[in-house]
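These notes concern the structure reproduced below.
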Amino acid sequence: MTQHSNNSNLSELALSLHQAAMMAEPINQISSQQAISLSDAYQIQQNLIQHRVDSGSTIIGVKMGFTSEAKMKQMGVNDMIIGILTQDMWIDEGQSIQRNQFIHPRVEPEICFILSKDIDSVLSENEVKEYVECICPAIELIDSRYQNFKFSLEDVVADNCSSAGFCVGEKLDPSTPLLDLPITLKINNEIAEQGNSNDILDNPWRSLAAATRLAIQFNIPLKKGYYVLAGAATSAAFIQPDQSVTAEVHSMPSLGFNMI
Ligand code: OOG
Ligand code: MG
């Protein structure tokens, strides 16, 4: 019998995803057991984040997902998504992080915007430039809480878009050009993935504009000081203990961290 979603069911799903993340134990995809709508999925995401906030963390940004062909193809989905970044996901540059906190971690190179003002309306790719304090190269660490890193669009939204960690490099002027920048992800100093900033919706600023649209649609605040990850330009690469990851976004200073 198909189970239908109601509020208590959505809270249970959020709790099991939260526990999966905290214990680094994968769970079955929600979609293998019941159909949930996209708005249910964002409701689960909100409940999930509330668990992190209740445990003392704070919201420090958002991340866009599936803004590049490479990512959509790799994961078999075809729509943009938005997730929430909390303080406990922060990774310092050069930090060594423990593999056993994660299920099947992957890393991907990103571009990050830091907001200079709150945003509470849908903005165009030109308008949004007035709301950015700086631009930084970044690396996202994603870790699906589902078995085999497999999910539907609703599953991955409910799982806060696989958000697990992020590392932000040097803060650069918001006028830093963002078009046509070669992007490389290295594992142990060897090239793992290569892409171009134009792979992010043809122009990474479009991702920030899309973030304003999704944030309004799903009731996600965008506040001054928030980090906004624009989405990976390349596929994500698995990272194992004793490996280092480095991202190079053209002439921006490179950044990286280690897995132990
Ligand atoms: C979902 C997260 C997608 C991106 O940059 O496109 C994402 C996943 O791939 O597990 O972070
Ligand atoms: Mg990402």
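Note that ligands are numbered from 1 as they come in the structure, with each ligand's atoms numbered from 1 the same way.
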Quiz prompt | Candidate pair Asn203 and Glu125, rule side-chain contact (heavy atoms from CB on, under 4.5 Å), full reasoning | solution = CA-CA 9 Å; Asn203 174 354; Glu125 70 187 79; 3.1 Å; yes

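- Annotation: atom 10 (O) of ligand 1 to nearest protein heavy atom, Ser162 OG, 2.7 Å.
- Contact annotation for Leu229 and ligand 1: no heavy atom of the residue comes within less than 4.0 Å of the ligand.
- The main-chain N or O of Phe102 is found under 3.5 Å from a side-chain atom of Arg99 such that the two form a donor-acceptor pair.
- Given atom 9 (O) of ligand 1, the protein heavy atom at minimum distance is Lys71 NZ, 2.8 Å.
- Qualifying side chain to side chain donor-acceptor pair (under 3.5 Å) partners for Gln29, counting only residues two or more places apart in sequence or in other chains: Ser31.
- Checking side-chain atoms of Asn160 against main-chain N and O of Ile84 turns up a donor-acceptor pair under 3.5 Å.
- Of all the N, O or S atoms in Glu110, the one closest to the Mg ion (ligand 2) is OE2.
- Residue Val156 has at least one heavy-atom neighbour below 4.0 Å for each of these atoms of ligand 1: 1 (C).
- A donor-acceptor pair under 3.5 Å is formed between the side chain of Ser207 and the backbone N or O of Ala230.
- With respect to the Mg ion (ligand 2), Glu140 has OE1 as its nearest N, O or S atom.
- Judged by distance alone, the side chain of His104 and the main-chain N or O of Phe238 form no donor-acceptor pair under 3.5 Å.
- Those atoms of ligand 1 with a heavy atom of Glu140 less than 4.0 angstrom away are 11 (O).
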Exercise. Take Ile59 and Tyr226 through the side-chain contact (heavy atoms from CB on, under 4.5 Å) test and state the conclusion after the steps.
Key: CA-CA 8 Å; Ile59 296 174; Tyr226 271 18; 3.4 Å; yes

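- In this structure, Gln74 has no heavy atom closer than 4.0 Å to ligand 1.
- For Lys150, the NZ atom counts as loosely surrounded, since its 6.0 Å shell holds 12 or fewer non-hydrogen atoms of other residues, nucleotides or ligands.
- The proximity of Arg106 to ligand 1, defined as any non-hydrogen pair under 4.0 Å, does not occur for either the backbone or the side chain.
- Counting atoms of ligand 1 from 1 in the listed order, those under 4.0 Å from a heavy atom of Gly231 are 5 (O).
- Using a 4.0 Å cut-off between a side-chain N of Lys or Arg and a carboxylate O of Asp or Glu, Glu133 and Lys224 do not qualify as a salt bridge.
- Of all atoms in ligand 1, listed by their number and element, those nearer than 4.0 Å to a heavy atom of Phe151 are 8 (C), 10 (O).
- Of all the N, O or S atoms in Glu108, the one closest to the Mg ion (ligand 2) is OE2.
- Scanning the protein heavy atoms around atom 7 (C) of ligand 1, the nearest turns out to be Glu108 OE2, 3.3 Å.
- Of all atoms in ligand 1, listed by their number and element, those nearer than 4.0 Å to a heavy atom of Lys63 are 2 (C), 7 (C), 11 (O).
- In this structure, the side chain of Asp173 engages the main chain of Ser175 through a donor-acceptor pair within 3.5 Å.
- Within the structure, ligand 1 has Cys161 among the residues with a heavy atom less than 4.0 angstrom away.
- Close approach of ligand 1 to Phe149 is summarised as follows: ligand atoms under 4.0 Å from at least one heavy atom of the residue are 10 (O).
- Here the protein heavy atom with the shortest distance to atom 6 (O) of ligand 1 is Phe66 N, 2.8 Å.
- For Gln95 and Asn258, the side-chain atoms include no donor-acceptor pair closer than 3.5 Å.
- Applying the side chain to side chain donor-acceptor pair (under 3.5 Å) test to residues at least two apart or on different chains, the pairs with a partner in residues 52-68 are Gln50-Asp54, Arg52-Asp88, Ser57-Asp88, Lys63-Glu140.
- Close approach to Met64 involves these atoms of ligand 1, each under 4.0 Å from a residue heavy atom: 4 (C), 5 (O).
- Between Gly65 and ligand 1, not a single N/O pair is under 3.5 Å apart.
- Proximity to Ile142 (heavy-atom distance under 4.0 Å) selects the following atoms of ligand 1: 8 (C), 9 (O), 10 (O), 11 (O).
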